[in-house]
Amino acid sequence: MKVPFLDLKSVNASTEDALEEAFRRVIDSGWYIQGKELEAFEAEFAEYCNVKHCIGVGNGLDAIHLLLEAYGIGPGDEVIVPSNTFIATWLAVTHCGATPVAVEPCEDTYNIDPQGIEDAITARTVAIIPVHLYGQPADMDVINNVAARHKLLVIEDAAQSQGARYHGRPTGSLGNAAATSFYPGKNLGALGDGGAVLTNNNAIAQKVRQLRNYGSPMKYQHDSVGYNSRLDELQAAFLRVKLSELDRCNARRSEIARRYTDALHGSNIQSPHVPDWTYPVWHLYVVRTTRRDQLQEHLKLHGIETIIHYPIPPHQQNCYAGIVHKPLPIAELLATEILSLPISPSMSDADVSYIIDKLKSF
Ligand SMILES: *Cc1c(COP(=O)(O)O)cnc(C)c1O
C-alpha cells in the first residue's frame with residue numbers, strides 16, 4: 001500500500017464539477033484580473049473570518065510583506081517572529097528593510113512563547129507576527145496583552161490556519177491585521193498561487209489595495225511605489241468553491257487527527273498538544289520523537305510518505321548567515337525531532353488505519 005503525503009488531485013476531485021463550472025464562468029466573462037470573482041471572494045472570505053476587509057494578493061509572502069509596508073514598517077524597525085516558522089514569515093520582514101527578531105516556541109504547542117516575546121522587546125520593536133503553526137492558534141489574548149502594554153502591532157500569519165478558532169473566534173480576526181496564503185497545499189488552497197490580507201482597519205485595507213496594484217488608487221495615478229501582486233479571477237473563482245468546502249474538509253482533518261492521537265496514546269511517539277481553548281484545523285499533524293529519522297525510514301519502507309516542517313530553522317539558512325547572534329536551541333532541537341504524518345481531507349479510513357498500524361509496529 002502507498003500513502004502519499006498529500007494527494008491534491010484527489011482533494012480537488014471532490015469538487016471537480018464546481019471547479020469546472022467556475023473555470024467556464026471566468027473564461028466566458030472575458031475579464032481576468034480584478035473583477036467580479038475577486039470582489040465576491042473577498043466579501044465571502046471577509047465574512048467567514050469575521051473581519052471588515054479581505055484584500056486578495058498574489059501569494060502569502062506578499063500578503064505579509066504588503067501589510068508590513070502598509071503599516072510603514074521599514075529600516076531600523078524590529079519585528080518579532082517565531083524561531084520555528086516557515087521562512088516566508090521572516091522574508092517578509094527582511095523585504096521591507098526591517099529586522100526579524102526570533103522568539104522561541106512553547107515546547108508543548110510549538111507556537112510562539114508570550115514570555116519570550118516580552119523578553120525580546122527593545123526600543124526598536126514595532127510589531128509581533130505570531131504564526132498559527134500547523135493550523136493551531138497561538139495564544140492570542142496573552143500576545144495581545146503584551147502588545148498593548150508595549151504599544152506594538154500584532155499581525156497574524158494565518159497561512160496555515162484557515163477556519164481555526166481561538167476561544168471561538170476565527171484566526172485572521174485576532175490581531176490588528178492578518179495575512180494568509182492560498183498555496184494549493186494549504187487548508188484553503190487555490191489551483192495556483194494566492195494570498196490575502198484581512199483587517200478591520202479601513203486605512204490599512206485601502207493602502208494594501210493600492211500597494212497590490214502599482215500603488216494606484218485609480219487608473220494611471222500612482223501614490224506609492226507599489227507592486228503587482230493580485231489574486232486573479234480564475235483563482236478567486238476556484239477559491240469560492242473551495243471556501244464552501246472548507247469546514248467539511250477541516251472537520252475531516254479533525255477526525256483523522258483524533259484517530260492518530262488516540263492511537264499514539266501511551267506510545268513513545270509524542271502526539272500534538274491541543275489546549276482546550278483552541279479549535280485547530282490540522283494543516284499538519286506533527287509528531288515528535290528522538291528517533292525521528294528511524295520513524296521516517298520505517299514509514300517510508302511501508303510506502304508512507306512523511307515530511308519535516310521544517311528541517312532547517314530560518315536563522316540557520318544561508319540567506320540569514322550571520323544575522324542572528326543568540327542560539328535558538330528549541331527550534332534547533334525540534335528540527336531534529338518532528339515529523340509530519342499524512343493528513344488530508346481526501347484520505348480514506350483505510351489509509352489512516354494502515355498508517356496507525358505502521359506507527360504501532362515501530
Ligand atoms: C505558506 C506559508 C507562507 C507563505 O505563503 P505563500 O503563498 O507560499 O507565499 C507564509 N507563512 C506560513 C506560515 C506559511 O505556511
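Counting convention: from 1, in listed order, for ligands and their atoms alike. These numbers come from a predicted model, not from an experiment. Excluded from the calculations below are hydrogen atoms, water molecules and symmetry mates; all remaining heavy atoms, backbone and side chain alike, are included.
- The parts of N59 lying near ligand 1 are both backbone and side chain, judged by heavy-atom distances below 4.0 Å.
- Between Y183 and ligand 1, no pair of N/O atoms sits closer than 3.5 Å.
- Residue contacts with ligand 1: Q160 is placed with a nitrogen or oxygen under 3.5 Å of a nitrogen or oxygen of the ligand (distance criterion only).
- A salt bridge (charged side-chain N to carboxylate O under 4.0 Å, His left out) with E255 holds for exactly one of R253, R252, R259; it is R252.
- Residue A88 has at least one heavy-atom neighbour below 4.0 Å for each of these atoms of ligand 1: 3 (C), 4 (C), 10 (C).
- The shortest N or O to N or O distance between D193 and ligand 1 is not below 3.5 Å.
- Backbone and side-chain nitrogen or oxygen atoms of G60 are examined, and one is located within less than 3.5 angstrom of a nitrogen or oxygen of ligand 1.
- A salt bridge links E107 to R288: at least one charged side-chain nitrogen sits closer than 4.0 Å to a carboxylate oxygen.
- Side-chain contact check for Y183 versus N59: every heavy-atom pair is 4.5 Å or farther apart.
- Close contacts of ligand 1 with L61, meaning ligand atoms under 4.0 Å from a residue heavy atom, involve 4 (C), 5 (O), 6 (P), 9 (O).
- Residues I155 and P130 come closest through the heavy atom pair O-CD, 3.2 Å.
- Ligand 1 places these atoms under 4.0 Å from at least one heavy atom of V131: 13 (C).
- The pair E156-R169 does not meet the salt-bridge criterion, since no charged nitrogen lies less than 4.0 angstrom from a carboxylate oxygen.
- Residues S83 and E104 share a closest heavy-atom pair of OG-OE1, 2.8 Å.
- For an aromatic pair to be called close, the ring centres must be under 6.0 Å apart, and F5 with H309 satisfies this.
- Residue H283 places every heavy atom at 4.0 Å or more from ligand 1.
- Looking only at heavy atoms of the protein, atom 2 (C) of ligand 1 is closest to K186 NZ, 2.8 Å.
- Aromatic ring orientation, F41 versus F182: perpendicular (interplanar angle above 60°, classes split at 30° and 60°).
- Considering only non-hydrogen protein atoms, atom 11 (N) of ligand 1 sits nearest to D157 OD2, 2.8 Å.
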